[in-house]
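Worksheet: the structure to be examined is printed underneath.
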Amino acid sequence: MAQTAGASRGLSDQTMTMTYGQICLGLGYRLDNAEMALAGALVMMGTGAAPYAEVVGHHLREGFGVPAAPAAAVHYYTSAITALQEGATAAFEPSTTPERVQVIRAALQLSAQRAATGGVRPATLAPVNATLTPLAPVQR
């Protein structure tokens with residue numbers, strides 16, 4: 001009986017799938033391949049990592065790798081916010097959940113403002129009451 005590469009190393013199918021999703025996401029961004037990055041985010045969502053819906057939302061809102069669909073992005077952003085508020089780990093680190101939720105809400109606000117102005121980018125965004133703290137320098 002054939003085993004998957006992950007099973008022979010003691011990894012579950014879900015762990016292997018998540019690993020492949022992370023690889024696709026990272027390589028997609030590194031190679032400027034929006035379709036690959038989007039596919040990686042969708043794989044991560046398929047494994048239950050709901051915060052990766054944020055990535056799908058960004059791609060849909062901006063038209064990265066797919067035709068722009070800001071209205072469809074709202075569903076994915078909302079899913080990511082819900083997951084983060086329920087204690088899921090953010091798709092991007094370092095990030096605290098309240099900060100990440102504010103970033104997603106700002107993206108939603110931008111989408112709403114664009115829709116209200118016929119797709120024209122607003123000059124500024126209204127504040128969303130976020131308190132961001134500077135990150136400590138990375139030790140190398």
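These values consider heavy atoms only, across backbone and side chains, with no hydrogens, waters or symmetry-generated copies.
- Using a 4.5 Å heavy-atom threshold, the side chains of Glu54 and Val103 count as touching.
- Within the model, atoms CD1 of Ile23 and CE of Met36 stand 10.5 Å from one another, a figure rounded to the nearest 0.5 Å.
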Take Val56 and Leu38, measure what side-chain contact (heavy atoms from CB on, under 4.5 Å) needs, and give me the verdict at the end.
CA-CA 6 Å; Val56 178; Leu38 179 58; 4.0 Å; yes
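- Here the closest heavy-atom approach between residue Leu84 and residue Ala90 is recorded as CD2-CA, 3.5 Å.
- Connection of Val55 to Met45 is established within a shared hydrophobic cluster, with ILVMFWY side chains joined at heavy-atom distances below 4.5 Å, either directly or through further cluster members.
- Looking at Leu27 and Asn33, their side chains never come closer than 4.5 Å, going by heavy atoms from C-beta outward.
- Smallest separation of non-hydrogen atoms from Ala80 and Ile104: CB-CD1, 3.9 Å.
- When all heavy atoms of Ala83 and Ala50 are compared, the pair lying nearest together is CB-CB, 3.5 Å.
- Once rounded to the nearest 0.5 Å, the distance linking CE of Met44 with OG1 of Thr19 reads 8.0 Å.
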Any chance you could lay out the side-chain contact (heavy atoms from CB on, under 4.5 Å) test for Tyr77 and His58, step after step, and finish with the verdict?
CA-CA 8 Å; Tyr77 285 135; His58 291 317; 2.7 Å; yes
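- Checked against side-chain contact (heavy atoms from CB on, under 4.5 Å), Thr47 has the following partners two or more places apart in sequence or in another chain: Gln14, Thr17, Met18, Ala49.
- Tracing side-chain contacts under 4.5 Å through hydrophobic residues (I, L, V, M, F, W, Y), one reaches Tyr29 starting from Leu42; they form part of the same cluster.
- Under the 30°/60° scheme for interplanar angles, the aromatic rings of Phe64 and His59 are found to stand perpendicular.
- Here the closest non-hydrogen pair linking Pro51 and Thr89 is CG-O, 3.1 Å.
- Across Ala107 and Arg61, no two heavy atoms sit closer than the pair CB-NH1, 2.8 Å.
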